[in-house]
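Remarks on the structure that follows.
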Amino acid sequence: MFRPPVYKHSIPTGLSFQRLGKVVATPLILIFACSVAAPQGSPSVTKVEPPSWWARHTINPVRLLVRGRNLQGARVRATRAGTTVSNVVVNKPGSYVFLDVNIHPSAPPGSYPLEMETPQGVATIPFAIGTSLNPQTNFQGITANDVVYLIMPDRFADGDQSNNNPPDGPALANDRKNPRAYHGGDLRGIINHLQYFKELGVTALWLTPWYDNWNGVNACDKPWCPNTYYHGYHAIDYYGVEDRFGDMATLRELVHKAHRLGLKVIQDQVANHVGSQHPWIKDPPLADWFHGTLDRHALNKFQNSTLLSPHANQLEVRNTLDGWFSDDLPDMNQEQPEVARYEIQNALWWVGITGVDAIRQDTIQYMPRSFIRDLSNSLHRQYPKIWMVGEVFDRDATQTAFFIRGHVGWDGIDTKLDSVFDFPVWNASLLAFTNKLPMRALRDQLKYDALYPDASKVTMLLNNHDTPRFLSLEGASLEGAMMHAAFTISVRGIPQLYYGEEIAMEGKGDPDNRRDFPGGFPGDNRSAFTAQGRTATEQRMFEWTRDWLRLRAEHSAIRNGRLIDLFYDDDSYAFARQDRSETVIIAFNRGAQERKITVPVGAIGVRDGSELVPLMRASGSNQVANGNATLLLPSRSVVAFGVR
Ligand SMILES: [Ca+2]
Ligand SMILES: [Ca+2]
Ligand SMILES: [Ca+2]
């Protein structure tokens with residue numbers, strides 16, 4: 001999530017809730033301003049999180065958070081052999097109970113209700129033991145053999161109009177002319193177009209969050225109102241599927257059908273914050289569940305580098321970790337062990353219940369690094385191949401590299417985070433292919449790969465939902481967009497595309513960069529899902545993207561080979577991707593004139609007498625002599641060469 005406009009500052013200047021020094025959080029701080037002395041009624045249960053778990057899980061016992069009324073004095077017991085209950089703690093207002101459920105390894109799947117008793121009565125806590133999904137076909141992780149495709153479900157395709165008008169959704173919430181309203185896209189719409197992704201050649205779908213969000217409309221007198229949470233980043237239920245997108249059965253169907261086609265699915269998780277309409281806001285399970293309250297909290301000043309610097313003062317560090325991302329995004333306190341436990345179980349539950357292959361973690365740097373490590377370790381303990389990529393939205397590679405698996409920071413922590421988005425190289429590519437930096441800037445940025453334990457692990461984004469689309473950048477051209485795409489696909493790392501870029505979609509910053517995919521919605525007069533429905537420009541970009549993805553799929557060196565610089569100046573950059581079996585040379589010429597460049601291929605073991613042959617379209621080959629090859633490069637384009 002990129003930094004949104006600041007809606008309002010709700011705390012007076014000078015009031016600060018940042019904490020000085022590390023606070024050792026006590027497990028249960030039950031201090032509430034007023035204790036209710038009113039007569040207590042019979043207990044009731046309204047929510048159980050998680051609602052189910054699994055036998056023989058790496059987390060056992062599982063800790064439940066039960067929401068309800070009149071829970072003071074509650075005692076809880078299991079009603080069925082195979083489960084036992086312990087460590088029951090009721091919060092002071094009697095609105096939440098924490099408890100451990102120990103699951104016997106041999107307990108079969110089924111319903112395991114718990115019985116809760118207070119002096120005023122008895123209530124049932126529904127709970128189930130689920131059937132584990134097959135690890136051969138689920139939880140597969142992401143590697144450089146994959147290509148990720150980012151989708152905003154609301155903006156991609158409306159496959160089920162029956163979910164467009166939930167009972168609590170005002171009419172104003174639906175408006176395809178309002179870029180901040182719901183447009184009707186959903187999970188069924190994605191299921192209906194799975195073949196499109198196969199045709200394009202991507203292998204993994206990252207959907208923006210499917211947690212249930214508030215169905216209402218925010219009103220204000222600012223230009224960004226009326227607005228809705230169509231994007232999914234304001235969860236009101238960490239265990240619910242957005243009702244406008246579908247339900248759990250549809251989500252599981254999507255993952256299952258995607259897997260059958262060889263497509264993986266990545267869930268967008270947001271552990272840093274919830275939406276301001278979450279029931280926790282008015283009634284937090286614990287006094288320190290959040291950093292502050294809706295009325296009294298610090299705002300994040302996004303001094304990201306204070307997280308990196310060993311010399312930062314704690315006032316700034318705590319603001320960056322504890323400040324709210326915006327006034328309406330309450331910041332979770334992962335240093336409260338009950339919060340950390342809740343969030344780690346939540347991440348595991350989604351993977352286990354849906355079979356997703358990977359997680360994209362939003363705004364990850366605003367959570368303690370020790371929590372990122374514990375989350376990563378817990379995920380990998382249960383699902384050895386699972387993969388998590390973190391959003392460290394920063395153009396400084398020192399910052400992004402600080403958060404990736406494989407090195408211990410000055411703080412003694414290795415986050416074990418599998419991947420980070422490569423915003424630094426992405427930024428250099430945007431600037432180079434819109435002629436704002438010389439082409440050698442790509443090589444100059446890539447040299448900072450020295451900061452990563454393994455630079456092949458980074459996720460190389462083409463664009464995302466928080467950034468202007470390429471064609472709406474100043475200085476952009478279709479040829480520039482094509483070179484940017486080819487670079488993203490052929491440089492090291494795991495490529496990540498953003499829906500619509502493959503059809504040369506335009507769009508400035510959020511929310512203009514989240515336009516509807518043509519043909520995905522009832523009444524659309526054409527469909528860009530098919531060649532017949534695309535404009536000539538859209539078709540040209542689609543074929544180009546598809547062809548480069550095919551090239552990547554066909555050549556192991558492009559996916560997993562070493563990256564070796566061969567040539568760089570103002571208008572050209574040429575590099576090799578080389579593994580044990582082959583060498584591929586990718587050469588860019590962004591200039592207006594055709595040109596020849598001489599590259600020292602002898603230095604990478606290509607022998608004199610070999611020929612460099614263009615891999616994508618028939619044109620002349622180039623003989624290697626005296627360790628050099630002279631490559632003919634058409635203007636404003638890129639050529640991939642193989643060695644023969
Ligand atoms: Ca719909
Ligand atoms: Ca909803
Ligand atoms: Ca935070």
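All ligand and atom numbering here is 1-based and tracks the order in the structure. Just so you know, these numbers use all the heavy atoms, side chains as well, and skip hydrogens, waters and symmetry mates. Given the structure is predicted, the values throughout are model-derived calculations rather than measurements.
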**Asked** Just by distance, do the side chain of His183 and the backbone of Asn178 share a donor-acceptor pair under 3.5 Å?
**Response** yes
**Message:** Restricting to N, O or S, what is the name of the atom of Asp243 that lies nearest the Ca ion (ligand 2)?
**Reply:** OD1
**Item:** Protein N, O or S atoms under 3.0 Å from the Ca ion (ligand 3)
**Value:** 5
**Message:** So that I can check it, does any N, O or S atom in Tyr229 come closer than 3.0 Å to the Ca ion (ligand 2)?
**Reply:** no
**Message:** Under 3.0 Å from the Ca ion (ligand 1), is there any N, O or S atom belonging to Gly184?
**Reply:** yes
**Asked** Taking the inter-plane angle between the rings of His465 and Tyr233 on a 0 to 90° scale, is it parallel (under 30°), tilted (30 to 60°) or perpendicular (over 60°)?
**Response** parallel
**Asked** Got an N, O or S from Asn164 under 3.0 Å of the Ca ion (ligand 1)?
**Response** yes
**Request:** Please confirm whether the backbone N or O of Ile372 pairs with a side-chain atom of Thr415, one donor and one acceptor, at under 3.5 Å?
**Result:** no
**Request:** Please work out whether the ring planes of His231 and His234 are parallel, tilted or perpendicular, with thresholds of 30° and 60°.
**Result:** tilted
**Request:** Go through Arg514 and Asp512 one step at a time and tell me if the salt bridge (charged side-chain N to carboxylate O under 4.0 Å, His left out) criterion holds.
**Result:** CA-CA 5 Å; Arg514 302 163 176 189; Asp512 189 40; over 6 Å; no
**Message:** Taking backbone and side chain together, does Ser162 place any N/O/S atom at a distance below 3.0 Å from the Ca ion (ligand 1)?
**Reply:** no
**Request:** Name whichever N, O or S atom of Asp212 ends up nearest to the Ca ion (ligand 2).
**Result:** OD1
**Three-point angle Asn163:OD1, the Ca ion (ligand 1), Asp186:OD2, rounded to the nearest 10°** = 90°
**Request:** Among the N/O/S atoms of Asp158, select the one at the shortest distance from the Ca ion (ligand 1) and name it.
**Result:** OD1
**Pair Val420-Tyr452, side-chain contact (heavy atoms from CB on, under 4.5 Å): steps then yes or no** = CA-CA 10 Å; Val420 292; Tyr452 295 102; 4.1 Å; yes
**Asked** Does the pair Trp324 and Leu294 meet the rule for a side-chain contact (heavy atoms from CB on, under 4.5 Å), with working shown?
**Response** CA-CA 10 Å; Trp324 289 23; Leu294 200 57; 3.8 Å; yes
